[in-house]
Amino acid sequence: MNFSNYIVYVDESGDHSLTSINKDFPIFVLAFCIFDKEKYSQSAVLKLKDFKFKHFGHDMVVLHENEIRRDKGWFKILNSKEKKEAFIDELTQIIYEEDFTIIATVIQKDKLFSHTNSPYDIALKYCMERTYRFLESKNEHTKMTHIIVEQRGKNEDEELELEFRRVCDGYNFKNIRFPFEIILANKMSNSAGLQLADLVARPIGLSVLKPEQTNRAFEVLKDKFHKSDSGRVEGVGLKVYP
């Protein structure tokens, strides 16, 4: 088996329920972060380890955007404005310096009418199709690429895997087989890639939901989106639906 030179880490922001829509965050975001394996192992992994050693004294902390924002768990130490800003500035700099590509889908749930598919399934298909295009552009599309997704629960994981395999088996814009393999990782696996994906999903959603609002995190991310040959991001690296 030939493995591609790329690996993909996936995370989400918001929930994918259509029965109860949060008026403050009526969207669902799925973010694929695509890393060159060599750069990932030699840079991103090491930088996050060093960052954790500096701030916590060990590297067992799992960076979660939600907990950092709310000063929960390990992040209770960020109990002053100065500490929090220094912590976030340093983490933002790491994300800025890392060389990875983002492909994301934002589902506007409040604009989905009489749709039978779940927002997760819609977003997954769009992201997988665009990831295939990215791999084509790198001439890596015939090799096996692993896509790492955080576990969410037995039923949800089974539904996700079923939809993932449907897309791989030809339920896609090209009606061809995608050589992708899904890996469902435990939440506490302490994967650098999953943690970086977790940190990018919400800012992407906020950039669509509140485009007029200052969004420093998104400013760092916007040049990382996959682009067309003409430099277009909309519909290529970032799909907003509907």
Side-chain angles (χ1 to χ4, degrees), residues 8-35 64-66 68-69 92 95-96 98 100-135 147-150 152 156 159-160 163-164 166-167 171-173 178 180 182 193-228 230-242:
V8 185
Y9 294 94
V10 179
D11 212 334
E12 64 199 75
S13 184
D15 67 77
H16 47 90
S17 169
L18 288 175
T19 52
S20 59
I21 298 177
N22 181 345
K23 289 179 182 177
D24 295 326
F25 203 76
I27 58 175
F28 174 74
V29 185
L30 195 65
F32 278 36
C33 294
I34 309 171
F35 290 85
H64 277 304
E65 186 273 342
N66 183 281
I68 294 170
R69 188 160 36 91
T92 300
I95 293 169
Y96 173 73
E98 282 315 297
F100 63 96
T101 300
I102 298 172
I103 290 174
T105 300
V106 178
I107 305 293
Q108 301 181 102
K109 298 194 299 178
D110 51 343
K111 296 181 182 177
L112 273 185
F113 300 108
S114 64
H115 216 293
T116 53
N117 288 353
S118 83
Y120 199 112
D121 290 351
I122 299 167
L124 181 70
K125 183 170 180 283
Y126 281 137
C127 286
M128 288 174 68
E129 289 172 341
R130 284 151 180 78
T131 297
Y132 185 83
R133 282 178 176 159
F134 168 85
L135 292 166
I147 297 180
I148 320 299
V149 184
E150 199 171 73
R152 295 173 299 150
E156 287 177 310
E159 289 170 9
L160 164 60
E163 185 62 19
F164 184 93
R166 268 206 330 146
V167 177
Y171 176 60
N172 55 64
F173 72 108
F178 289 168
F180 297 160
I182 189 170
L194 283 179
Q195 289 166 79
L196 288 170
D198 175 272
L199 294 168
V200 309
R202 183 178 170 83
I204 292 169
L206 288 173
S207 76
V208 173
L209 188 63
K210 300 176 180 178
E212 72 293 336
Q213 183 175 291
T214 301
N215 190 337
R216 190 175 56 145
F218 185 73
E219 289 301 309
V220 168
L221 302 174
K222 65 182 185 181
D223 289 333
K224 296 185 183 295
F225 285 94
H226 183 41
K227 300 174 183 65
S228 68
S230 62
R232 182 168 58 90
V233 169
E234 293 78 14
V236 183
L238 178 59
K239 171 77 174 177
V240 180
Y241 183 87

4.5 Å side-chain heavy-atom contact, [X] and [Y]:
{"X": "Asp11", "Y": "Leu194", "result": "no"}
{"X": "Ile122", "Y": "Thr105", "result": "no"}
{"X": "Leu18", "Y": "Pro119", "result": "yes"}
{"X": "Leu160", "Y": "Ile182", "result": "yes"}
{"X": "Phe134", "Y": "Ile103", "result": "yes"}
{"X": "Phe178", "Y": "Thr131", "result": "no"}
{"X": "Tyr120", "Y": "Leu30", "result": "yes"}
{"X": "Arg130", "Y": "His226", "result": "no"}

Subject >> Ion pair Arg166/Glu163, N-O distance below 4.0 Å >> reply: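 Salt bridge between Arg166 and Glu163, a charged N being under 4.0 Å from a carboxylate O: yes.
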Original post:
Hey, is Glu129 close enough to Arg133 for a salt bridge, meaning N to O under 4.0 Å?
Top reply: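 No salt bridge links Glu129 with Arg133.
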Subject >> More than 12 heavy atoms from other groups under 6.0 Å of NZ on Lys222 >> reply: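 Result for NZ/Lys222: open.
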**OP:** Answer yes or no: does atom OH of Tyr96 have more than 12 heavy-atom neighbours from other residues, nucleotides or ligands under 6.0 Å?
**Re:**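 Counting other residues, nucleotides and ligands, OH of Tyr96 stays at 12 neighbours or fewer.
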Contact summary for [X] and [Y], nearest pair of heavy atoms:
{"X": "Ser20", "Y": "Asp15", "value": "O-OD1, 4.1 Å"}
{"X": "Pro242", "Y": "Gln108", "value": "O-NE2, 2.9 Å"}
{"X": "Gly193", "Y": "Phe35", "value": "CA-CE1, 4.4 Å"}
{"X": "Ile204", "Y": "Ala104", "value": "CD1-CB, 4.0 Å"}
{"X": "Ile147", "Y": "Phe32", "value": "CD1-CE2, 4.2 Å"}
{"X": "Ser207", "Y": "Phe218", "value": "OG-CE1, 3.5 Å"}

**OP:** Step by step, work out the side chain to side chain contact (heavy atoms under 4.5 Å, CB included) result for Phe180 and Leu135.
**Re:** CA-CA 11 Å; Phe180 297 160; Leu135 292 166; 3.4 Å; yes
Can you tell me how far [atom2] of [Y] sits from [atom1] of [X], rounded to the nearest 0.5 angstrom?
{"X": "Asp121", "Y": "His16", "atom1": "CG", "atom2": "NE2", "answer": "8.5 Å"}
{"X": "Met128", "Y": "Phe164", "atom1": "CE", "atom2": "CZ", "answer": "4.0 Å"}
{"X": "Glu234", "Y": "Phe225", "atom1": "CD", "atom2": "CZ", "answer": "10.0 Å"}
{"X": "Glu156", "Y": "Glu159", "atom1": "CD", "atom2": "CD", "answer": "7.0 Å"}
{"X": "Phe25", "Y": "Lys109", "atom1": "CZ", "atom2": "NZ", "answer": "9.5 Å"}
{"X": "Arg202", "Y": "Asn66", "atom1": "CZ", "atom2": "CG", "answer": "8.0 Å"}

**OP:** Quick one: do Tyr241 and Leu112 satisfy side chain to side chain contact (heavy atoms under 4.5 Å, CB included)? Show the steps, please.
**Re:** CA-CA 8 Å; Tyr241 183 87; Leu112 273 185; 3.6 Å; yes
Original post:
Can you tell me if Lys224 uses its side chain to pair, donor with acceptor, with the backbone of Val220 under 3.5 Å?
Top reply: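 Answer holds: no.
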Subject >> Any donor-acceptor pair under 3.5 Å from Lys210 side chain to Asn215 backbone >> reply: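 Answer holds: no.
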